[in-house]
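Per chain, numbering begins at 1; letters A, B, ... match sequence-line order.
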Amino acid sequence: MRRNRTLVLATGALGLIVLIVLVLPVFLPSVSATDPVHRLLPPSAAHLLGTDSYGRDVASRLVSGGRASLGLSALITVCAAATGLVIGLVSGFFRAADAVLMRVMDAWMSFPAIILAMALAISLGASLWTELIALTVIFTPFTARVIRSRVLAVASRAYIGAARVSGMGRWKTLLVHVFPNVLPLALVQVVVLAAAAMLVDGAMSFLGLGIAPPTPTWGNMIAEGRSYLVTAPWLVVVPGVTIMLCVFLLNLVGSALRQAVDPRARTLHELQRLRTRTT
Amino acid sequence: ATQNSGTDGPPVRGGNLTVAVPTDPQSLDMVANPGQVTAQIGNMMYEKLFEVDRDFTARPMLVDNYTTSQDRLVYTFTLRKDVTFQDGNPLTAADVVASLDRWRKAHRTGQLVSPDIDSITAGDPHTVQLRLKRPRYPIIDELASPGTEIYEAKNLAGLPATGFGQDKAIGTGPYKLKSWDIGQQLVLQRYDGYKSRSEQDWGGQAGAKHAYLDTVTYKVVADQDALVNGLQTGQWDHAMPTNDQYESLKANPAVVVHNLPGGNENVIIPNFTKGSRFADPRARQALNLLLDKPAINAATGGSKDLTIETGAFASPDNKSFYSTAGEDVYRQHDPARAKQLLAEAGVPAGSTVHIVTTNSYPEFGKWAVLLQDELSKIGIQTKIDTYDFATMLGTLTKDPAGWDLTTLFFDSALTSPAQMPALTLGTLNGSSSAELDALLAQFNASTNADQAKSTVDKLQDLTWRQLSVITLSQSRLYAAYSPRLKGYDNFYRIFWNSWLAP
Amino acid sequence: MALLELDRLSVGLVTEHGDRELVHELSLDLAAGRTLCVVGESGSGKTVTALSIIRLLEFVAPVRTSGQIRFDGEDLTGLSPDRMRGYRGRRLGMIFQEALDSLNPAQRVRRQLVECYPRHLREQAEAKARALLTEVGLTDTERVLNLYPHQMSGGMQQRVMIALALMSDPDLLIADEPTTALDVTTQAEILALFDRVRRDHGTACVFITHDMGVAAQVADRIAVLYRGKLVEIGDRDEVLTAPSHPYTRALLACVPQLGVSRREGFPTISEALLDKGEVATETLVLPPHEHPVDGAPLVVDGVSKVYGRSGRSLRAVDEVSLEIAPGEFFGLVGESGSGKTTLGRMISALETPTSGTISFGAHRCTPKGLLGSEREFRRATQLIFQDPQSSLDPRHTAARIIAEPLRELIGLRGSELDSRVTELIAEVGLPADTAGKLPAQLSGGQRQRVSIARAIAAEPSLIVADEPTSALDVSVQGQVMNLLLHLRRTRTLSLLFITHNLSLVLSVADRVGVMYRGELVEVGEPEQIRLAPRHEYTRRLLAANPELPRLPEPGLLNR
Amino acid sequence: MTRLLLRRLRDLLVILVVVGTMMFFVIRLIPGDPALAILGPTARPADVAALRSAMGLDGSLWEQYLSWAGHVLHGDFGSSITYHQPVLGVVLEHIPPTLTLAVLSSVISFLLSVAVTSWYAVSPRNPLARALDRLSALGMAIPDFWISLVLVLVFSVTLRWLPSSGYHSLFTDPVQALPALVLPLVVLVIGQTALFVLTLRESMLGELPLAYLRTARAKGLSESRVMLRHVLPNALMPLITQLGSNFAMLVGGIVIIESIFVIPGLGHLLMGAVSTRDFPLIQGVTLFVALLFVLVNLLVDLSYAVIDPKVRVS
Ligand SMILES: Nc1ncnc2c1ncn2[C@@H]1O[C@H](COP(=O)(O)OP(=O)(O)OP(=O)(O)O)[C@@H](O)[C@H]1O
Ligand SMILES: Nc1ncnc2c1ncn2[C@@H]1O[C@H](COP(=O)(O)OP(=O)(O)OP(=O)(O)O)[C@@H](O)[C@H]1O
Ligand SMILES: [Mg+2]
Ligand SMILES: [Mg+2]
């Protein structure tokens with residue numbers, strides 16, 4: 001089936017990237033070895049993706065930056081999606097909790113994200129953990145709100161009442177009836193989050209709030225390289241395209257995955273194929 | 001792009017010059033706010049008793065002439081008579097006294113000079129008398145340094161430490177404030193009542209000033225890319241991009257790049273405080289031996305045109321302070337010996353050096369990275385903490401023994417030791433010493449240029465012995481601007497005597 | 001010439017394991033101005049056929065059709081989507097089986113009614129909408145036009161659905177069980193309306209129903225479907241009085257009749273007998289009452305429910321007091337919108353009363369909510385929802401839905417659970433393969449039985465059954481009733497049985513209550529209600545009850 | 001509706017109080033001292049202390065907080081430490097650019113995403129519609145600062161079609177304002193539209209199997225009408241939530257766009273205020289961002305009530 005092929009291909013590609021990022025740094029020259037004589041070299045056999053302004057090998061940095069970038073966005077996604085999902089589910093389903101939780105989320109969200117990030121980055125120093133905390137804190141309420149709006153719709157369905165009549169506890173109903181009906185949206189949210197995390201990580205580095213150099217991340221590679229956009233465009237293009245590729249693949253995986261968990265979407269898809277075929 | 005030659009043609013009056021500045025000036029009070037942008041704009045608006053010429057030598061500006069007593073303790077300044085403030089009020093001795101009093105109290109240089117001053121008093125409306133407790137050689141230079149701008153006395157009464165607001169930003173200079181949209185732009189306008197001095201050829205900030213331009217608009221452009229792009233697309237006529245951009249701008253025919261006098265002294269600052277890994281002089285020597293300064297400069301300086309490989313704390317343009325003493329120490333490079341020395345000083349391989357730096361200026365972070373790389377080559381680990389500038393300063397001062405190295409750069413075009421950060425860092429890294437104080441006193445007691453110069457050499461030599469800072473290089477500043485900007489071959493901060501070709 | 005002609009229409013469902021045929025080689029025709037009633041087993045493909053004619057099935061399920069559907073001489077199966085669209089609405093109108101789900105939840109009734117009219121005719125359309133709503137018996141038209149679907153009772157929704165289909169005066173009206181949620185008086189009005197429409201516009205009608213009485217009243221011809229095949233078609237009287245196919249005969253024999261008691265069990269159709277071509281009905285013999293009837297009565301004491309805030313409030317239930325003894329079968333009938341569902345929901349503690357209390361044993365529902373252990377209460381009280389479709393989680397299979405109360409209330413797990421689920425599926429007369437299906441893949445009647453299986457799974461002592469058999473054919477209805485009666489014989493089970501089927505409830509209930517505009521206006525034994533109704537509304541109900549012409553083989557009924 | 005409004009107004013006050021208080025203490029957790037930031041590394045501690053006290057930063061945190069809160073209650077947000085001007089004025093001056101960008105980009109993205117998604121829903125086989133739909137996935141993947149750099153390089157520096165930066169008021173100077181707005185808007189719109197398309201497509205897919213569509217089709221409505229009048233409105237809720245959140249994010253966070261395109265907006269102001277530790281200004285900006293946020297969400301909630309009658313906002 002076509003969907004499955006996309007899923008397999010995209011997952012495979014992502015897996016390959018993860019593998020490269022995990023394994024390859026062992027074999028590559030050190031990421032922090034500077035070599036001012038050979039700075040800003042264009043891509044060549046010795047330096048597959050050229051060198052940066054310190055004369056460091058861009059390829060090694062790209063690969064090892066992937067560890068931080070991918071790892072970080074995965075962590076952020078997991079943390080923010082999990083907390084957002086829990087808060088969204090609970091507040092959409094329990095009216096009493098909703099009033100409090102949503103006000104807290106509102107206050108939380110109306111607190112400018114950038115201040116939060118800066119406050120954290122500045123007071124704790126820019127590092128992986130600060131960024132993780134900052135981005136999780138920033139993303140959680142957004143996820144929570146999106147999830148909650150769907151939960152509200154699901155909660156008004158008669159089958160929720162039916163579950164109650166069947167003696168199912170509220171929490172279990174939440175888990176068994178509400179959660180699966182929210183799951184497709186949550187999956188989309190996960191992909192959105194992963195993508196956003198990767199992009200915001202870049203933006204944070206760009207603002208000097210992310211993981212601090214010399215530890216490479218794709219974001220701070222772009223930030224460092226941007227002074228050389230004209231003279232050494234590969235410094236910006238390479239990590240930029242890598243981010244795009246990863247986010248794009250994530251998107252593909254997400255939508256394929258969503259169809260896998262949602263039986264209705266599956267038949268819809270078959271339907272569409274059939275209609276396309278018959279006419 | 002070519003350097004300006006003398007073929008600018010006759011001056012043209014009129015027009016608006018748009019200048020990109022990296023931050024909002026925030027305050028136009030040059031005492032309360034020693035920031036660069038404030039200085040850049042303030043120099044267009046205010047004047048001092050003396051101003052430096054293109055060799056950084058003080059020349060009279062608001063002073064018509066002055067006399068010095070035999071014992072070099074009493075200076076009598078006669079003010080120019082026709083000078084008016086931009087609100088129309090005439091300049092009086094009372095204004096000068098009030099301005100200089102505030103300088104003594106509130107400005108860093110003033111505070112350093114103040115112990116030597118006995119009094120500053122007004123004789124008649126056009127004479128001011130300065131009495132010293134002991135002779136002070138650089139006093140005239142110091143009166144030509146930032147912070148001594150003359151404001152109206154009535155505007156200075158009862159000011160808080162935060163300084164005055166834009167309503168009181170009134171000076172005697174050729175341009176006055178027209179409008180200020182905070183964070184966005186500030187517009188200066190020609191002051192029609194300005195009376196120029198008659199001299200033509202002093203250069204720098206001194207001498208005759210002709211306001212050809214109707215207005216000068218300062219636009220706040222923080223982002224480097226925006227700065228360069230706007231320059232190329234003609235959104236502003238003048239900017240001072242980072243050194244990274246120099247080569248590509250130089251190659252661009254639509255832009256003129258021009259090296260400016262003066263520059264920055266780029267330094268690594270070791271912490272002398274007990275508890276730091278560099279409290280031991282041998283550790284500092286080792287650090288100096290370890291640093292491959294040419295390589296570091298190559299990786300961060302941007303272009304050869306902009307890097308001066310010198311260990312001096314003053315710019316070579318600054319004739320009376322530039323010294324080559326200690327140059328041999330600056331050029332030493334011996335990692336093996338460095339490793340040994342470090343071990344002797346109790347910093348064996350495997351120990352960790354704590355570097356505190358900031359991402360507010362890109363160079364600092366770069367030096368930190370290169371430092372880390374060189375240290376790692378001799379087996380020393382590093383922990384780099386990167387903060388924004390305000391936090392970095394806070395961190396450095398809050399826990400004086402909690403850091404080992406930091407990075408900064410200093411203006412290297414200043415005119416007295418009191419203004420040289422490299423010599424006054426004691427509060428930050430605990431490097432003050434009796435020897436330094438004695439040398440400074442000796443400098444102040446000089447009677448002539450030669451004597452002064454020899455003391456400067458000793459100061460420079462002391463710096464390289466003590467290693468209160470380790471200078472990496474001097475960076476030259478440069479301006480990049482539209483070819484339409486003419487008559488602009490002076491200091492980077494000023495646009496009088498400049499005009500826009502039609 | 002026939003307006004509609006089906007020529008060997010087959011509808012197959014495309015699945016991963018090849019096609020599954022839902023309707024097999026169906027041929028029939030219908031002339032303009034005539035009514036064809038389609039009756040038959042639940043799940044026999046009536047809705048599928050109807051949806052295939054108007055070609056809406058292809059939007060929700062991957063299907064393949066063969067054969068021809070000729071409408072006015074044109075074969076609909078071959079039309080492009082665009083041309084087909086031209087037929088829908090103006091020429092082919094449809095009333096769907098599940099009204100609530102079929103209305104847009106986010107639009108007011110007004111908008112949904114006038115939508116198919118072009119903008120410049122909106123005023124005219126609104127006038128027409130008002131007229132139609134009045135005709136379907138919704139007199140409070142202004143209020144109804146401004147309601148959202150979820151604010152209406154089941155019957156109101158269904159009547160809005162009917163008005164919707166009649167808005168554009170179609171040439172052919174396909175009505176899929178249009179009156180299941182209506183009380184018999186309203187049903188009579190609706191049937192009269194159909195008749196009027198047929199006479200005024202010459203509208204032909206395909207009328208799908210389970211109610212033989214209704215079929216007898218409206219049909220010109222009757223078609224009988226069984227397992228996706230047409231087993232019999234003919235003139236009304238012919239089919240009703242001289243059925244030729246054993247299935248039809250059996251079906252007719254199962255119809256409940258006023259005055260015939262079914263307390264000892266309902267006749268049902270036996271497939272085994274049917275296959276042999278014999279007389280195919282059998283009547284289960286219920287075990288005798290053995291066990292002592294014990295437990296607590298349900299006491300409803302002065303309960304009211306007010307919807308909306310002061311100003312535009314609605315008293316859905318008004319000071320209803322009622323007592324149901326342990327083991328009693330209490331039938332509740334009444335006008336559509338009279339508050340039956342609301343009362344049922346309050347008794348099952350899904351809704352809190354505005355005033356009054358409901359007590360059942362140790363449990364008490366008060367305006368403050370349910371007092372005491374909810375789990376205990378749920379074990380004791382179950383509710384069969386009026387609208388099965390929306391009460392089933394669209395993502396859960398039938399088996400999982402049925403297993404839910406078993407897990408939650410009884411704590412069954414593993415193979416024990418599985419076998420109990422399988423048992424329950426069989427008990428409500430569903431084919432075994434239902435277990436793995438999602439609600440959307442079931443027929444209306446199948447969904448309803450899933451919902452019943454879920455309610456009886458936990459063996460409660462009180463079931464509030466809100467129209468549990470409205471979508472079932474009489475045989476399956478018989479099966480379900482037998483099941484309930486059986487349960488009542490073997491253990492203590494009280495029933496609050498809400499229904500519109502007077503014949504059914506009078507034939508089986510111990511006592512019957514009549515609700516009218518929120519009030520319980522009359523309570524009595526079936527015989528008393530039937531023969532000596534006291535309230536005016538009860539009399540009207542009885543008068544409107546559709547009756548089947550006397551059947552040729554009355555002997556069968558008592559066997 | 002009035003009850004809802006009243007309740008939300010009460011919430012608004014609560015949120016402002018909470019955010020104001022949180023912000024007051026959070027920013028003071030940040031090390032670094034505004035006085036030190038101004039006076040530089042060679043300053044004497046005594047001068048720093050003097051400046052601190054002139055800035056009103058001496059006294060305990062509680063005293064500072066109470067005095068600040070008291071002033072705010074009287075409509076006085078204090079005076080910016082760096083700009084020496086009333087905070088209120090500074091903030092108000094910086095609101096229009098941010099709001100212009102946020103509103104325009106949100107509206108454009110909303111319309112675009114609705115257009116693209118409905119087009120694709122109505123004609124899933126149209127290659128262009130499908131391509132646009134797929135492209136949205138790519139749009140989400142583009143880092144905004146990256147695309148900003150590239151767009152400026154192409155359209156301003158190389159082609160000279162559009163100014164590389166700058167901001168002019170849309171109301172007083174539309175001729176200059178519009179070209180300067182194009183690039184930042186494009187950047188913002190790309191990312192947002194992609195996100196919106198994804199959200200909307202998902203929620204529309206969820207509506208497609210629902211039975212009420214069958215009714216709509218039975219009325220003989222065209223497929224486009226079914227999509228536009230029935231599916232779309234019912235699927236809008238998640239999109240509107242997304243829109244609201246995004247708007248909030250934009251108001252407080254388009255720092256990068258503002259700095260690359262030299263737009264004197266709130267985000268930029270905030271960054272500057274943080275780096276100079278201009279506490280009164282940070283507090284002022286934050287309160288305004290919170291206010292805007294709450295107002296936008298009030299709108300979002302009101303639109304819920306309009307779109308989905310079942311969700312009685314409580
Ligand atoms: N969307 C679908 N997907 C798969 N199977 C379906 C679908 N719709 C109906 N079926 C199956 O088709 C058969 C006929 O269903 P249909 O809805 O036509 O029955 P019906 O005669 O209308 O019954 P009822 O009287 O109970 O409504 C059933 O067995 C049902 O399971
Ligand atoms: N959630 C609600 N909000 C407002 N009004 C409601 C709500 N639910 C029911 N109603 C109103 O309450 C009245 C009684 O509704 P109910 O569903 O109890 O009727 P019913 O007797 O079950 O009718 P039917 O036989 O048609 O199912 C109706 O007028 C209906 O409009
Ligand atoms: Mg059906
Ligand atoms: Mg009902």
Side-chain angles (χ1 to χ4, degrees), chain B residues 20 23-29 32-35 106 108 111 159-166 180-185 219-223 225-236 269 360 387-398 406 408 410 421 424-429, chain D residues 30-45 47-48 50-55 79-85 89-90 93-94 97 145 148-149 152-153 156-158 160 162-167 180 256 258-265 268-269 271-272 274-278:
Chain B
T23 62
D24 190 276
Q26 296 176 346
S27 163
L28 288 176
D29 182 343
N33 191 323
R108 179 77 182 122
Q111 287 163 350
L159 276 189
T162 49
F164 55 70
Q166 70 179 75
W180 185 4
D181 298 328
I182 291 219
Q184 194 174 353
Q185 65 175 22
K219 279 212 182 280
V220 180
V221 185
D223 187 78
D225 294 306
L227 192 76
V228 172
N229 293 330
L231 196 61
Q232 297 180 14
T233 55
Q235 273 177 294
W236 27 87
I269 302 177
S360 302
Y387 304 107
D388 78 331
F389 189 65
T391 314
M392 177 181 87
L393 290 183
T395 311
L396 295 181
T397 44
K398 201 162 74 192
T406 184
L408 280 176
F410 301 128
T424 54
L425 264 182
T427 51
L428 186 71
N429 69 343
Chain D
I30 306 178
D33 177 337
L36 200 60
I38 289 178
L39 295 177
T42 58
R44 294 184 310 189
D47 297 322
V48 177
L51 188 54
R52 280 182 64 85
S53 103
M55 290 170 166
S79 183
S80 156
I81 290 174
T82 42
Y83 296 116
H84 308 283
Q85 289 200 356
V90 178
E93 225 172 285
H94 285 77
F145 53 97
S148 308
L149 300 179
V152 170
L153 198 66
S156 307
V157 178
T158 312
R160 298 286 169 110
L162 293 164
S164 60
S165 58
Y167 168 81
I256 292 183
E258 286 180 5
S259 83
I260 290 184
F261 293 101
V262 195
I263 294 164
H268 199 47
L269 182 69
M271 286 283 284
V274 173
S275 67
T276 50
R277 303 290 187 276
D278 189 340

Practice problem: Below 4.5 Å from any heavy atom of chain D, which atoms of B:T406 appear? Answer side chain, backbone, both or neither. | Solution: neither
Exercise. Measure the spacing between CG of D:L149 and CG of B:N229 and express it to the nearest 0.5 Å.
Key: 8.0 Å
Quiz item: Where do D:V262 and B:K219 land on the side-chain contact (heavy atoms from CB on, under 4.5 Å) test, with the steps shown first?
Solution: CA-CA 9 Å; D:V262 195; B:K219 279 212 182 280; 5.9 Å; no
Quiz item: Is it the side chain or the backbone of B:Q185 that comes within 4.5 Å of chain D heavy atoms, both, or neither?
Solution: neither
Quiz item: For B:L227, is it the side chain, the backbone, both, or neither that has a heavy atom closer than 4.5 Å to a heavy atom of chain D?
Solution: neither
Practice problem: Tell me, for B:D29 versus chain D, whether the close heavy atoms (under 4.5 Å) come from the side chain, the backbone, both or neither. | Solution: neither
Self-check item: Proximal component of B:A32, with respect to chain D [non-hydrogen, under 4.5 Å]
Solution: backbone
Practice problem: Grab the two heavy atoms, one from D:S259 and one from B:A226, that are nearest each other, plus how far apart they are. | Solution: O-CB, 4.1 Å
Self-check item: Between B:M392, B:Q235, B:K398, B:Q184, the one whose heavy-atom pairs under 4.5 Å with chain D are most numerous
Solution: B:Q235
Self-check item: Minimal non-hydrogen separation, B:Q232 against D:R160, with atom names
Solution: O-NH2, 2.5 Å
Quiz prompt | Side-chain heavy atoms of D:H94 within contact of B:I182, under 4.5 Å | solution = yes
Quiz prompt | Side chain to side chain, D:S156 and B:T233, heavy atoms closer than 4.5 Å | solution = yes
